[in-house]
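Below you'll find the structure, written out as structure tokens, and then a few comments.
Below, read A as the first sequence line, B as the second, and so on, with proteins coming before strands; counting in each chain starts at 1. Computed from a predicted structure; not experimentally measured.
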Amino acid sequence: MKIASWNVNSLNVRLPHLLDWLAAARPDVVALQETKLEDARFPAEALAQAGYACAFHGQKTYNGVAILAREGAIEDVQAGIPGFADEQARALAATVGGVRIIDLYVVNGQAVGSEKYDYKLRWLAAAHDWIAAERARHPDLVVLGDFNIAPDDRDVHDPAAWGDDSILTSSAERAALRRLLELGLHDSFRLFESGGGHFSWWDYRAAGFRRNLGLRIDLVLASDALRPRLTAAGIDREPRAWERPSDHAPVWLELG
DNA sequence: ATGGTTGATTTTCAA
């Protein structure tokens, strides 16, 4: 069972890339972020033709998350973080093939100390409590998406430039991510690769991808119970090199 | 190299 995450940065623009990638990579479950589509405009028919059922939680212009599943049903769908009033469509959970899937588009936060940064930390605290409850109900749990946090210096092209004062790498953000992992979740990529230089996002500006000036901020977390089934995890850089790409690459894990 | 690019809707905002 291959479970993937991809921030597509507009599903309207990226649908051809998504369809090409689904056909090539054949994931069983895909979590999408930044669909930027109202639910009425979600391309459910085109994805059904490609063999994928969909659950989606979107809005106009910004944000938007979706879960796709090849074969098998999408069950017990939850849109948004329960009990957390949020105008932004950033979270979606569903059960597929007995695995609970939680798709997160974590707040970017813009700059340390800004209002958006406060919102990011409050959002992460609410997500933590929700995930704790979900984990108690569903031992087989995968939490994945665009976390907008680089876990440590190996996940940053220039740790001197990306430190405690920077958004995506500040100590409060990294501590919030650690609190999620302390619920009994594992950063699947790090179970297979301990080296640096592996990124999932490259800025469109300044030829970031060509120069590999990236960050690893897209993560697939697997619960303790799933760890014995984990056979592989990785980042698929190829779609980032396609014409008119998303600024993020798909990330994935494989369960035996 | 303190810039640069992309997307959705504007006359900027968010990333």
Atom pair distance, as rounded to whole Å: [atom1] in [X] and [atom2] in [N]:
X      : N      : atom1 : atom2 : answer
A/L15  : B/dA8  : CG    : P     : 12 Å
A/I167 : B/dA15 : CD1   : C1'   : 11 Å
A/Y119 : B/dA14 : OH    : P     : 12 Å
A/E243 : B/dG7  : CD    : C1'   : 16 Å
A/E173 : B/dA15 : CD    : P     : 13 Å
A/L11  : B/dG7  : CG    : C1'   : 13 Å
A/D218 : B/dA15 : CG    : P     : 14 Å
A/N9   : B/dA8  : CG    : P     : 7 Å

On DNA chain B, more 5' by nearest nucleotide between A/R41 and A/N148 is A/R41
Residue pair A/V13/A/H248 against DNA chain B: nearer the 5' end by closest nucleotide is A/V13
Can you figure out which of [options] approaches the side chain of [X] most closely?
X      : options               : answer
A/T61  : B/dA1, B/dA15, B/dA8  : B/dA8
A/N108 : B/dA1, B/dA14, B/dA15 : B/dA15
A/R90  : B/dA8, B/dA1, B/dA15  : B/dA15
A/R205 : B/dC13, B/dA8, B/dT5  : B/dT5
A/Y105 : B/dA1, B/dA15, B/dT6  : B/dA15
A/Y204 : B/dA15, B/dT6, B/dT9  : B/dT6
A/K60  : B/dG4, B/dT9, B/dG7   : B/dT9

Which whole number of Å gives the distance between the [atom1] atom of [N] and that of [M]?
N     : M      : atom1 : value
B/dG4 : B/dA8  : P     : 22 Å
B/dT9 : B/dA15 : C1'   : 15 Å
B/dG7 : B/dG3  : P     : 24 Å

Notebook entry, point to check: Just checking, A/R216 and A/F199: is the charged tip under 6.0 Å from the six-membered ring centre and within 45° of the axis?
Noted result: no
Considering just the side-chain nitrogens and oxygens of A/R14, establish if one lies under 4.0 Å of OP1 or OP2 belonging to B/dT6.
no
Return the minimal non-hydrogen interatomic distance between [X] and [Y], and the atom names on each side.
X      : Y      : value
A/S5   : A/L144 : CB-CD1, 3.7 Å
A/A126 : A/I81  : O-CG2, 3.8 Å
A/Q110 : A/S114 : CB-OG, 4.3 Å

Using a cut-off of 4.0 Å on non-hydrogen atoms, how would the nucleic acid contact of A/R240 be classed: base, sugar-phosphate, or nothing? nothing
Exercise. Once the angle between the rings of A/W162 and A/H157 is folded into 0 to 90°, is it parallel (under 30°), tilted (30 to 60°) or perpendicular (over 60°)?
Worked result: perpendicular
Practice item. For the residue pair A/L22 and A/L18, establish whether any side-chain heavy-atom pair is separated by less than 4.5 Å. Key: yes
